[in-house]
Amino acid sequence: MCPSDNELDQETDENEIIAQRRAKLSAIRKAGQAFPNDFRPDSKADALHAEYGEKSKEELAAAGLTVSVAGRVVLRRIMGKASFLTLQDTTGRIQLYIRQNDLGKEVYDDFRKWDIGDIIGAVGTLMKTNKGELSVQLSSIRLLTKSLRPLPEKHKGLVDMETRYRQRYLDLIMSKESREVFIKRSKIVDRIRRYFLDLDFMEVETPMMQAIPGGAAAEPFVTYYNALSVNMYLRVAPELNLKRLVVGGFDRVFEINRNFRNEGMSAKHSPEFTMLEFYMAYADYHNLMDLSEDLMRQVVADVLGTQVFTYDGVDIDVSKPFQRFTLVEAILKYNPEISAADLADVENASIIADQRGVDVHTDWGLGKLHMEIFEACVEDHIQQPTFITQHPTEVSPLARRNDDNEFVTDRFELFIMGKEIANGFSELNDPEDQAQRFLEQVKAREAGDKEAMHYDDDYITALEYGMPPTAGQGLGIDRLVMLLTDSASIRDVVLFPHMRPKAQ
RNA sequence: GGGCCGUUAGCUCAGUCGGUAGAGCAGUUGGCUUUUAACCAAUUGGUCGUGCGUUCGAAUCGCACACGGCCCA
């Protein structure tokens with residue numbers, strides 16, 4: 001595609017700077033190929049600094065090393081017959097030294113018309129300036145891509161949060177910190193994936209679109225599939241499909257992928273978010289807690305190179321054993337004024353919940369009340385890594401009942417700095433109990449609970465064929481990345497967070 | 001959904017008591033062969049988020065709306 005320039009000048013947000021740059025591009029087009037794609041750099045900025053940054057001016061002069069680099073011009077210091085450029089590539093920045101005597105007057109005069117933001121390719125010799133900065137003294141320079149729009153201010157960068165989210169590419173150009181968040185995110189996901197592959201887990205992909213949404217208490221997004229003339233739901237979790245695979249004989253499976261939940265956005269919630277889910281046959285929730293501790297230590301060690309990291313000013317130490325409390329123990333520990341006897345009584349538990357700002361529904365059982373009380377007055381106070389276990393059966397419709405107390409399940413959640421990072425349990429593999437739990441969910445749906453689960457007949461059928469004793473877990477990747485990058489909002493760890501479209 | 005704050009040049013921000021808009025960076029022109037937030041001189045650039053209202057007069061006061069941020073539910 002090669003539209004001529006006059007087809008393109010109908011922009012409404014055109015200003016003088018863009019007009020000047022379009023004129024420059026027009027001149028470049030007339031002179032030849034304006035968007036060449038035949039330049040191949042052989043070096044990256046950070047690698048050059050790492051390898052040659054310590055060499056002396058004299059050593060580099062004697063070595064006469066030729067390198068080629070490419071990237072975006074981010075700073076310029078133009079003098080009469082010589083100039084310095086700061087070039088930014090994926091890895092970092094490197095200074096380029098350009099002399100009219102080396103390139104010829106014609107090339108130098110052309111180069112002087114280029115702008116900050118342009119993408120260039122350059123070849124030259126490694127050198128050090130009198131002030132000791134590693135630089136490339138150029139023998140040739142080429143404009144590879146003309147930038148038509150001016151970059152944000154060079155010292156303070158792009159500050160406006162809205163623009164940083166809506167135009168993430170600008171944020172990435174301007175902010176090293178932002179780039180590092182997403183580089184770390186990639187490393188975290190990579191490390192997690194290797195962890196499971198090393199334990200003989202198999203990575204799978206299960207449907208994003210489901211006829212019956214299941215696997216979590218959440219309201220789904222609805223879409224319509226024309227070919228089948230049916231409503232489909234974007235998945236709220238991959239759980240039921242992954243357990244079908246365990247029925248099928250894949251004993252260890254995991255999936256790292258997106259879930260969609262049709263609920264509000266906040267610093268902790270995004271309508272689409274990335275989740276690790278894994279299922280392990282012949283294991284229980286105690287095994288998963290042990291595995292989770294080990295996983296956390298390995299990921300933190302490999303990605304951050306330490307066992308202690310700081311989040312929101314608090315040092316988090318993953319090297320110590322993670323604390324473990326049952327949900328009821330945690331409520332009592334953080335709220336000395338509440339008694340175990342009160343929590344055992346629906347009336348008193350309702351009063352306790354109400355006093356803590358919970359909008360109590362009359363049809364809630366004791367289990368739901370416990371969960372709400374926990375969320376209202378414990379969750380936010382947990383800082384160091386802590387497992388909360390034995391969630392009520394009433395709020396855990398897919399989890400196995402505890403052998404000693406059928407009011408609770410063999411379940412845990414991992415909390416760090418008030419954030420729920422993981423949720424796992426010994427799986428309910430009794431098809432008749434599962435059918436009964438689904439029926440209770442359906443009753444709740446009919447009573448108006450949009451987050452209650454649907455009855456999944458085929459899932460019951462799968463369990464009736466027999467699912468081995470299994471434990472399974474979900475781990476929120478975005479929240480983990482928030483922790484390990486000290487990010488206050490989930491939007492800061494999602495490349496393109498959803499924003500309300502701007503009105504035209 | 002509620003509360004608070006924000007929206008002024010491409011970017012970062014000033015703008016007093018209501019009197020018709022400023023700086024730095026970026027841009028343009030000129031100078032400068034080791035600069036580094038380069039520097040020196042000159043200079044261009046604005047529907048003050050949108051709409052309505054109050055007023056002789058609104059970036060400034062009021063109301064509504066839009067978008068965003070933080071907090072709460």
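Fair warning: this is a prediction, and the values are worked out from it, not measured in the lab. Each chain gets a letter, A, B and so on, in the order its sequence line appears, and its residues count up from 1.
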Interatomic distance where [atom1] belongs to [X] and [atom2] belongs to [N] [whole Å]:
X	N	atom1	atom2	result
I98(A)	U34(B)	CD1	P	14 Å
H498(A)	C67(B)	NE2	C1'	18 Å
F84(A)	A37(B)	CZ	C1'	15 Å

Is there a donor and acceptor pair closer than 3.5 Å between the side chain of [X] and the base of [N]?
X	N	answer
Q95(A)	U35(B)	yes
Q20(A)	U28(B)	no
T129(A)	U35(B)	yes

Roughly how many Å apart are [M] and [N], using the [atom1] atom of each and rounding to a whole number?
N	M	atom1	value
C17(B)	G24(B)	P	25 Å
C52(B)	G57(B)	P	15 Å
A14(B)	A66(B)	P	26 Å
A9(B)	C13(B)	C1'	11 Å
G30(B)	G69(B)	C1'	44 Å

Distance test, side-chain N/O of [X] to OP1/OP2 of [N], below 4.0 Å:
X	N	value
R166(A)	G68(B)	yes
R149(A)	G10(B)	no
R491(A)	G69(B)	yes
R77(A)	U35(B)	no

What does [N] pair with, Watson-Crick or G-U, if both distances are under 3.5 Å?
N	value
G27(B)	U43(B)
G1(B)	C72(B)
A59(B)	none

Practice item. Answer yes if the ring centres of Y165(A) and H498(A) are under 6.0 angstrom apart, and no otherwise. Key: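 Centroid distance Y165(A)-H498(A): not below 6.0 Å, so no.
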Review point. With the threshold set at 4.0 Å, does a side-chain nitrogen-carboxylate oxygen contact exist between D171(A) and R168(A)?
Key: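 Yes, charged N to carboxylate O under 4.0 Å.
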Practice item. Give me the one residue out of F325(A), F322(A), F374(A) that meets ring pair (Phe, Tyr, Trp, His ring centres under 6.0 Å) with F415(A). Key: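 The option that passes is F374(A).
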Review point. Quick one: do the N130(A) and K57(A) side chains pair a donor with an acceptor below 3.5 Å?
Key: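 Checked: N130(A)/K57(A) side chains pair up, N/O donor to acceptor below 3.5 Å.
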Point to revise | Any side-chain donor near an acceptor of the partner, R72(A) and Q88(A), under 3.5 Å | key: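 No donor-acceptor contact under 3.5 Å links the two side chains.
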Exercise for review: Describe the nucleic acid contact of K24(A) in one word from base, sugar-phosphate, nothing, applying a heavy-atom distance below 4.0 Å.
Suggested key: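 The residue K24(A) makes sugar-phosphate contact but no base contact.
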